[in-house]
Amino acid sequence: MRPSLHPRLINGPFDDPGLYIAFIFEKHAILFDLGEVDSLSSRDILKISHVFVTHTHMDHFSGFDRLLRLFLGRNKTLSLYGPKGFIDNVSGKLAGYSWNLVDRYDNSFSLNITEIHPDRLIYCRFSCRNRFLPETPVVEKPFNTVLLEAPGWIISTAILDHGIPCLAFSIQEKFHVNIKKDRLEALGLEVGPWIMDFKLALFAGKDPSSIFRVFDAKHPQRLISYELGWLSREIATITSGQKITYITDAVFSKANIDKMVNLAEKSDHLFVEAAFLETHKNIAEDKYHLTAWQAGTLAAMAGVRQFTIFHFSPRYTNQEDLLTAEATRAYYRIP
Ligand SMILES: [Zn+2]
Ligand SMILES: [Zn+2]
């Protein structure tokens with residue numbers, strides 16, 4: 001199966017956390033955490049449609065200005081999600097600049113902000129045309145764990161304890177559609193934008209007996225009609241989708257463990273912080289962070305296929321092997 005989600009940590013393990021997830025077939029991306037983002041190219045940043053911020057400690061939110069600078073003047077809407085207090089945090093950032101001329105821009109850039117509470121979501125929009133003044137917030141109830149549902153994927157969240165609320169995120173592809181190129185050729189079809197429409201029809205759960213039309217490769221003016229279910233059996237292999245989970249800045253408490261394991265369950269890839277070694281677990285607890293041992297233990301408890309640790313304390317500079325070895329031992333339950 002050729003994966004469609006390509007996750008990559010944007011910085012080294014001692015630098016600011018952040019996970020960039022590219023949707024390779026759709027030319028767009030999402031971002032978990034918004035610390036230092038200078039390692040991302042402008043091109044990569046401009047592909048981002050949604051940013052999910054775990055909490056607003058500086059190392060997770062200082063990249064907001066670069067993002068804003070790049071998007072300003074473009075006809076786009078960027079959606080940002082964050083924990084309790086997030087609307088005020090964004091408002092404060094925006095209030096740090098003068099906006100007397102932006103309402104004359106031809107293009108209209110807007111920020112859609114969602115603040116996540118245990119029982120509700122609060123939306124607020126800031127738009128360039130309105131000089132980035134907060135528009136009237138809208139409250140939506142109830143809210144449990146699903147934050148966003150797109151045609152092909154779902155984002156879930158858990159609210160963890162980091163002294164302040166800190167969010168963890170998981171993206172789950174609903175299912176994965178692989179196109180059999182040899183069958184396309186046998187039908188005389190060519191790869192084109194219609195493949196995305198075909199996948200979207202499947203993700204939307206359209207009636208298999210409904211008609212799906214494709215332009216004939218040899219006679220581009222002509223449309224060929226297929227029954228969706230028949231076409232799907234002919235040209236597609238459907239397998240379970242990818243799941244990627246991102247957890248950082250959380251204390252190893254009973255309540256957090258339950259939420260983290262639940263969110264990360266059966267992930268294909270878990271990205272989890274490992275700020276300290278287990279010998280320093282008192283410091284980790286004091287600072288509401290995880291140790292490498294705890295990170296590996298969580299990966300094992302959640303039954304993830306693969307995991308990567310990050311967000312190392314600078315006290316372990318040149319000793320990252322110790323953190324990795326400890327997390328690996330915990331994952332394989334080697335004492
Ligand atoms: Zn933090
Ligand atoms: Zn942090």
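If you read the sequence from its start, that first residue is 1, and numbering goes on from there. Ligands are counted one by one from 1 in listed order, and the atoms in each one are counted from 1 as well.
Put simply, the side chain of N11 gets close to the backbone of D16: a donor and an acceptor are under 3.5 Å apart. With hydrogens and angles disregarded, a donor-acceptor distance shorter than 3.5 Å links the side chain of R74 to the backbone of L70. The backbone N or O of L5 lies less than 3.5 Å from a partner atom in the side chain of Q242, making a donor-acceptor pair. With K93 contributing its side chain and D65 its backbone, the two residues share no donor-acceptor pair below 3.5 Å.
The distance from the Zn ion (ligand 2) to the nearest N/O/S atom of H60 is under 2.8 Å. For H57, the nearest N, O or S atom to the Zn ion (ligand 1) falls under 2.8 Å. In summary, an N, O or S atom of H162 is located under 2.8 Å from the Zn ion (ligand 1). The Zn ion (ligand 1) has an N, O or S atom of H55 closer than 2.8 Å.
Nearest to the Zn ion (ligand 2), among the N, O or S atoms that D249 has, is OD2. Looking at D59 and the Zn ion (ligand 2) together, the shortest N, O or S contact belongs to OD2.
Between the side chains of H162 and N256, no donor-acceptor pair of N or O atoms lies under 3.5 Å.
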